Every structure is written in structure tokens, then in C-alpha cells.
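For reference, the structure is listed below as C-alpha cells.
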Amino acid sequence: MDNFYLTTAIYYVNDKPHMGSVSEAISADIIARFKRLEGKDVFFSTGTDEHAQKIEDRAKEEGIDPQLFVDKASKTWKDLFNMFGISYTRFIRTSDADHIKVVKHFFQTLYDKGDIYLGEYEGWYCVRDATFLKDSDLKSGKCPICGEKVQKINETNYFFRLSKYEKPLLKYYEEHKDFLRPESRYNEVMNVIKSGLQDISVSRKSFKFGTPVPFDKDHTIYVWFDALLNYLTAIDFLKDEEKFNKYWPADLHLVGKDITRFHGIIWPAMLMSYGLPLPKEIFAHGFWNLEGEKMSKSKGNVVNPIDFVKEFSKKAGIDIETAVDVTRFYLSKEISFGLDGNFTMDTFYRRYNSDLANDFGNLINRTTTMLYKYKDGAVPEEMVRDEKIINFINEQEKIYLKEMDKYNFSQALDAVWNIINTLNNYIQTKTPWKLEDNQDALSSILYTLLEGIRHITILLAPFMPFTTKKVLKTFQDDPASIKKMEWGQLKVGIKIEKLPPIFPRLKRETADEENGKEENFISHEDFAKLDLRVAQIIAAEKVQESQKLIKLRISLGDEERTIVGGIALHYEPEQLIGKKIIIVKNLKPRKLMGVTSYGMLLAASDENNLSLLILDKDVKEGSKIS
């Protein structure tokens with residue numbers, strides 16, 4: 001069995017968890033679950049970073065022992081991860097006894113090699129981020145990471161000879177282009193290395209809550225030197241050589257973009273100094289904003305994930321586990337992984353209603369309702385195979401696997417939704433309710449739908465572990481596995497338990513109540529910003545590898561442009577040529593499946609149908625709608 005060792009950065013216990021911080025753990029969990037789905041032996045490590053001056057200061061403020069403070073704070077993070085289904089193998093803490101042993105050993109080894117030495121440090125220090133900073137690093141005299149004030153310090157510290165590893169690091173980066181992703185982070189770190197590396201301080205004398213330097217009790221090992229070593233401790237470095245050699249080097253370190261330099265420069269240099277292989281890949285993801293602004297305690301716009309899930313559970317009438325899955329799905333689907341994202345209640349509710357309630361939930365509901373009406377809930381025999389739809393599902397599954405291997409979660413989910421939308425359309429085109437006199441055809445259609453749902457549920461298992469487990473249990477097919485995705489493994493004759501609606505549609509009024517308003521009014525000024533125009537379709541074609549998208553070439557009278565619309569399940573391209581439609585002309589361009597759309601067409605839809613807004617009189621293209 002292949003091994004896969006995956007880590008998150010460990011979380012600073014002085015911070016309260018928010019939606020942005022939990023999203024990293026969710027992303028790592030999705031990767032871990034996917035690798036297990038493939039049959040790999042996965043070791044997934046996450047945990048808490050507990051040694052810092054700020055922790056000691058906070059404990060003193062509250063009048064408690066620092067260890068009691070971090071015990072309580074670490075439990076908060078662990079409880080949150082358990083609630084969100086984070087399937088870690090080890091939840092490591094930097095106050096763990098085996099970790100402290102590793103840190104002392106590692107520090108001593110580098111000192112004995114001459115790579116750690118005693119020296120003088122004078123410069124800036126950010127207590128909040130435990131970061132040493134140069135004048136050129138500061139932004140308006142403050143920390144460039146957290147924006148807080150920095151301290152000027154002058155200390156006798158131990159230093160790590162980072163400068164010694166400048167050329168080895170540069171050579172390694174040049175030979176391993178995929179060591180750090182995405183490319184923008186790789187280029188950023190390469191530029192730092194090329195500009196020259198300076199030795200860094202790796203001890204402090206101003207606080208004691210941490211790991212003491214083994215040969216000098218007056219010094220405490222720098223929190224970042226300490227924290228990075230958690231990746232070794234987690235897999236029993238110094239304790240179980242066979243286990244350590246099984247999993248090291250790590251296959252993937254998943255970190256935030258703000259700590260790329262620690263992981264991309266200091267960490268590999270430390271490993272080079274000790275003589276250990278470097279991790280295979282580091283992936284630095286972006287951050288989540290809330291309603292367009294960066295989440296921060298000072299702005300008061302931090303979303304508590306537990307409170308959010310509990311509140312949404314009540315509003316949607318779903319259990320906590322389903323609400324967790326909805327949140328996991330949204331955070332995975334809404335952005336391309338690695339980029340910054342914008343969490344908005346409007347898009348959250350829209351994803352829930354459109355993707356989950358209307359598409360996935362409705363497909364399960366309609367299919368099981370027909371199964372009970374015509375077959376008393378028992379899986380019928382597939383009398384005639386529909387090779388066309390099976391081939392399409394197989395093609396989308398290949399796309400899904402390819403995108404998941406690249407951690408392209410949103411694109412992988414696009415492939416799943418192509419299957420979901422195709423099966424929903426399959427119901428409409430095959431009209432099984434008209435086939436009671438043709439039982440062979442009816443049985444084959446129902447089997448195709450049920451087997452398709454089984455495949456979809458397996459693909460969604462990494463993203464929505466609680467919901468998919470419930471569905472697969474009713475199909476007598478738990479646990480999920482890629483090996484179970486061969487067509488026809490759904491057992492004929494078993495009875496499918498009829499589930500209540502998994503994602504009950506959430507009325508728009510409920511979403512508006514969330515924002516404290518009865519209706520979602522916009523101002524006349526807001527409406528005036530929309531440039532709505534009449535456009536004539538002059539060419540149309542389906543977008544490759546997409547079941548849902550059609551690329552339109554439209555005329556606005558004095559110009560032509562391309563627009564992409566998700567209407568392929570309801571219109572054939574040849575039906576559209578010559579029609580006059582309404583578009584939003586001044587919408588920001590957006591790339592869909594590799595095609596840039598310059599505007600948006602308008603359409604009306606309900607649970608089953610979609611209709612373009614087509615003019616009933618011949619109005620000149622380019623005319624403004626007002």
C-alpha cells in the first residue's frame with residue numbers, strides 16, 4: 001500500500017478559530033480522505049502551536065499557569081476539528097513531551113555541527129507573530145503580517161547559519177520546480193533567496209514558556225524553530241525509526257501564504273543542516289475575506305465556525321453534521337484552491353439552494369420517490385445499458401481524479417455537478433413516469449439513476465463525509481472507495497431506504513432574516529449601475545468537457561463579444577442562433593472552463609426548467625434596457 005503523509009500548519013492557541021483558519025484544516029482533510037479513497041495509507045497531522053511570549057503574557061494577565069491556559073485553548077481547536085470531521089491521525093501539541101525531546105535533540109545537533117552559534121541581535125520583533133523583522137519588512141512602522149506594533153529589541157541570542165544554505169536552497173529550487181506551489185509563491189521565495197539570506201535568531205531570553213536550549217537554560221528556543229519540528233515529532237522521530245522512515249519525507253505541507261518563507265526557506269535549511277530529506281511539496285493557500293474585507297478581530301468580522309454551523313442548522317432545518325457538510329462544500333467550491341476567497345452570505349445561500357437542494361438533493365429525492373412508486377424501493381435489474389450516459393459519467397470521473405490530484409477542488413466538483421445535472425436532465429428526457437407499460441425500460445432507467453447517484457456520492461465523500469456516509473449506507477455500500485466506481489456494482493434487489501429531503505430548500509426570506517431585513521431591496525442607484533442590453537446570438541457551441549456550458553457569440557450592433565452560459569441542459573446550440581436575448585453588458589469578465597465570458601445572459605428558472613429571457617418584438621440589438 002502506498003503511503004501519504006500530509007500536514008497542516010499548527011494553529012496558534014492565542015487565536016480563536018474562525019472560518020478562514022478552519023478552511024485550511026478542511027482542505028487538508030479533503031486531500032486526506034481522497035487519498036484514503038484511492039486506497040493509500042494516510043498519516044494526517046494537525047495540532048496547536050503553544051510556545052510563545054504572547055502566550056506567557058496572556059496567562060499572566062488571566063492569573064493562571066501558562067500550561068493550563070494552553071491546555072484549555074488547545075481543546076477548543078481540537079473540539080472544533082472533531083465537529084468539522086477533520087480526520088487527523090495525530091493532533092500534536094508543541095507542549096507534548098515527545099515533541100520537546102525532539103526540539104532539544106535537533107537544536108543540540110545543529111549546535112554541535114557549528115550551524116548554531118551565540119551572537120547579538122538588534123532589530124524589530126513582532127510578539128503577535130513571533131517574527132524577527134528588518135526595517136525593510138515593516139509597513140508604516142508595523143508588522144507586515146498582522147499590522148500590529150513591533151518591538152525594538154537588543155538581545156544576546158543563538159543564531160542559525162541560514163546564510164550557509166543560500167546556494168544549496170537556490171540549487172534545490174532550480175531543480176525542483178514543484179517543491180513550492182502555487183507558482184506565485186515559488187517565485188516569491190526564489191526572489192528572497194536570490195537577494196541573499198542572513199543568519200536568523202533561534203532563541204530568546206525574554207520569556208520562559210517554551211523549550212529551553214539544552215545547554216543554556218537562560219535561553220528559550222525560538223517558537224518557529226520549535227513549531228516547524230512538529231512535522232517530525234508527529235510521525236515518531238527518535239521514538240519509532242520504522243514508522244518515521246515509512247512516512248518521511250512528507251508528501252505535502254499545507255500552509256497559509258503568510259508563513260511561506262518559514263516553510264520554504266528556514267525549514268528546508270534546517271533539514272539540510274541535520275541531514276534529512278526535504279518534504280516533497282509545500283502548498284501555500286490564500287485567505288478568506290468576509291463580505292469583501294479581510295477577517296480580523298480588530299474589525300470584528302471574524303466568523304465563529306461553530307456558531308455559524310449551529311445557526312445555519314436551525315435556519316435550514318437540518319442536523320449539525322449536514323450543516324457542517326454544507327459549509328465544507330461551500331469553502332471547497334466557491335474558489336479555486338490556493339487563491340484568496342470572499343465569504344458572503346448571499347453566495348453561501350445560493351450554493352446551498354442551487355447546488356445542494358435543487359441539484360443533488362432533488363436528484364436523490366426524485367429518484368427514490370419513483371423507486372418506491374414503481375418498484376417498492378427495491379433496486380431493479382438493468383435490462384439495457386445506456387452506454388452513452390455511462391461513458392459520459394466515466395469521462396467526468398477521470399476529470400475529477402485528475403483535478404483532485406492537483407488539489408483543484410472547485411474544478412473536481414464541477415465534474416461531479418456535470419454528472420448530477422446530466423442525470424437530472426436524463427429524468428426529464430426519459431420521462432420514466434410514462435413507461436409503466438414498458439417495465440424493462442423503466443427498470444433500466446431507475447437502475448442508471450441509482451447507480452449514478454452511488455458514483456456521485458463516492459466522489460463527494462471527501463467533501464461531505466457525514467452526508468455521503470448516510471446515503472451510501474442506504475445503498476448498502478459504505479465505506480466509499482475508488483475501487484467501487486466500476487459501473488454495475490449496485491446490488492439488484494436490495495431495498496433503498498427512502499431518505500427525507502437531505503437539503504430542504506431554504507426560502508429567500510430566511511436568508512434575508514439573517515441580514516436583519518424583510519426584503520433584499522436595492523437602491524435605484526444600484527440598479528442604474530447595471531448596463532442591460534439587447535443582444536442577438538450569431539453563433540453557439542458547447543464548451544468542451546462541460547455538460548452545462550454553451551459559448552455564445554453575440555452582436556450588440558456596434559460590437560461582438562463572447563458570453564458563456566450554463567444553459568446546455570435546456571437548449572441545443574442550433575436552437576439559439578438568431579434569437580434576441582437580454583444580457584448584462586458591464587459585468588466583470590470571468591473565465592469558465594478556459595473560455596472568457598464578457599457579460600452575462602439573463603434567464604428564469606425553477607426546479608425543473610430554465611428559460612432565456614427572449615424578446616417578443618424585434619428590437620434592435622444593442623438597445624438599452626431601462
Side-chain angles (χ1 to χ4, degrees), residues 1-9 21-47 78 80-91 234-235 247 250-255 280-281 283 285 305 309 320-335 337-338 355-356 360 396-417 419 453-473 475 477-485 502:
M1 183 184 290
D2 291 339
N3 305 315
F4 192 88
Y5 179 30
L6 160 72
T7 74
T8 69
S21 54
V22 78
S23 68
E24 179 183 299
I26 290 171
S27 298
D29 183 63
I30 289 167
I31 295 169
R33 288 178 181 273
F34 171 69
K35 295 300 179 182
R36 293 190 193 110
L37 205 66
E38 290 186 307
K40 287 183 169 60
D41 177 359
V42 174
F43 195 103
F44 171 21
S45 174
T46 189
K78 192 171 185 178
L80 169 69
F81 287 177
N82 291 341
M83 178 182 181
F84 271 78
I86 309 303
S87 58
Y88 54 81
T89 313
R90 176 167 179 181
F91 188 93
I235 50 174
Y247 292 111
D251 292 272
L252 176 65
H253 287 325
L254 194 61
V255 302
K280 295 175 186 176
E281 182 181 356
F283 192 102
H285 62 80
V309 164
I320 293 291
E321 288 184 342
T322 305
V324 164
D325 275 353
V326 173
T327 307
R328 287 173 59 114
F329 170 78
Y330 174 82
L331 293 171
S332 308
K333 184 69 182 75
E334 190 61 20
I335 61 165
F337 186 56
D355 294 352
L356 297 177
F360 183 42
Q396 295 304 310
E397 287 172 349
K398 288 176 184 176
I399 294 171
Y400 167 92
L401 294 173
K402 183 178 73 173
E403 297 297 351
M404 287 297 286
D405 275 333
K406 296 187 289 185
Y407 316 134
N408 292 335
F409 303 143
S410 184
Q411 291 85 339
L413 286 169
D414 282 342
V416 180
W417 251 255
I419 300 173
I453 290 169
R454 188 182 71 85
H455 280 235
I456 290 162
T457 309
I458 291 172
L459 299 176
L460 289 177
F463 299 92
M464 309 176 75
F466 299 115
T467 303
T468 54
K469 188 176 182 67
K470 293 174 191 173
V471 175
L472 287 174
K473 273 190 173 180
F475 281 59
D477 196 39
D478 183 54
S481 170
I482 294 294
K483 293 178 182 178
K484 295 181 179 180
M485 281 170 50
I502 301 172

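Please read all numbers here as calculations on a predicted model, not as lab measurements.
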H253 versus T7, closest heavy-atom pair with distance:
ND1-OG1, 2.7 Å

Under the side-chain contact (heavy atoms from CB on, under 4.5 Å) rule, what do F44 and L252 come out as? Steps first, then yes or no, please.
CA-CA 10 Å; F44 171 21; L252 176 65; over 6 Å; no

To the nearest 0.5 Å, atom OH of Y330 lies from atom CZ of F463 at 16.0 Å

Where is the tightest heavy-atom contact between A461 and T468, given as atom of each residue plus distance?
CA-OG1, 3.4 Å

Between L6 and A28, the two heavy atoms sitting closest are CD2-O, 3.0 Å

F409/F337 aromatic ring centres below 6.0 Å
yes

So is K40 actually on top of F4's ring, under 6.0 Å and inside 45° of the axis?
no

Going by distance alone, is a donor N or O of one side chain under 3.5 Å from an acceptor N or O of the other, for D41 and Y247?
yes

To the nearest 0.5 Å, what is the distance between OG on S410 and CG on L331?
12.0 Å

Any side-chain to backbone donor/acceptor pair from R454 onto K484? Under 3.5 Å, distance only.
yes

Step by step, would you call T8 with I86 a side-chain contact (heavy atoms from CB on, under 4.5 Å)?
CA-CA 11 Å; T8 69; I86 309 303; over 6 Å; no

Are E281 and Y407 close enough that some pair of their side-chain heavy atoms sits under 4.5 Å apart?
yes

Check whether any side-chain heavy atom of E38 lies under 4.5 Å from a side-chain heavy atom of M404, and answer yes or no.
no

So does P462 get a backbone contact from the side chain of R328, meaning a donor-acceptor N/O pair under 3.5 Å?
yes

Treating R90 as the side-chain partner and I235 as the backbone partner, does any N or O pair qualify as donor plus acceptor under 3.5 Å?
no

Residues D478 and K469 bridged, charged N to O under 4.0 Å
yes

So do the side chains of F475 and T457 get within less than 4.5 Å of each other, counting heavy atoms only?
no

How far does CD of Q411 sit from NZ of K406, to the nearest 0.5 angstrom?
8.0 Å

Flag the pair K35 and D405 as a salt bridge only when some basic side-chain nitrogen lies within less than 4.0 angstrom of an acidic carboxylate oxygen.
yes

Are D414 and K333 close enough that some pair of their side-chain heavy atoms sits under 4.5 Å apart?
yes

Could you tell me whether the side chain of F329 reaches within less than 4.5 Å of the side chain of I26, counting heavy atoms only?
no

Where do D325 and L356 land on the side-chain contact (heavy atoms from CB on, under 4.5 Å) test, with the steps shown first?
CA-CA 10 Å; D325 275 353; L356 297 177; over 6 Å; no

Restricting to non-hydrogen atoms, name the atom on L80 and the atom on V22 that form the minimum distance, rounded to 0.1 Å.
CD2-CG2, 4.0 Å

Do the non-hydrogen side-chain atoms of L460 and F360 ever get within less than 4.5 Å of each other?
yes

Trace of the side-chain contact (heavy atoms from CB on, under 4.5 Å) decision for I419 with Y400
CA-CA 11 Å; I419 300 173; Y400 167 92; over 6 Å; no

Supply the atom-to-atom distance E397 CD to H455 NE2, rounded to the nearest 0.5 angstrom.
5.5 Å

Exercise: identify the closest heavy-atom pair between V255 and E24
C-OE1, 3.7 Å

Which value, rounded to the nearest 0.5 Å, describes the distance between I453 atom CD1 and L472 atom CG?
11.0 Å

Within the structure provided, determine whether S27 and H285 are in side-chain contact (heavy-atom separation under 4.5 Å).
no

Mind checking whether P305 and T327 have side chains closer than 4.5 Å, heavy atoms only?
no

Between Y5 and F43 (judged by ring centroids, cut-off 6.0 Å), do the two rings come close enough to count as a pair?
yes

Nearest heavy-atom contact between I458 and L37 is O-CD2, 3.6 Å

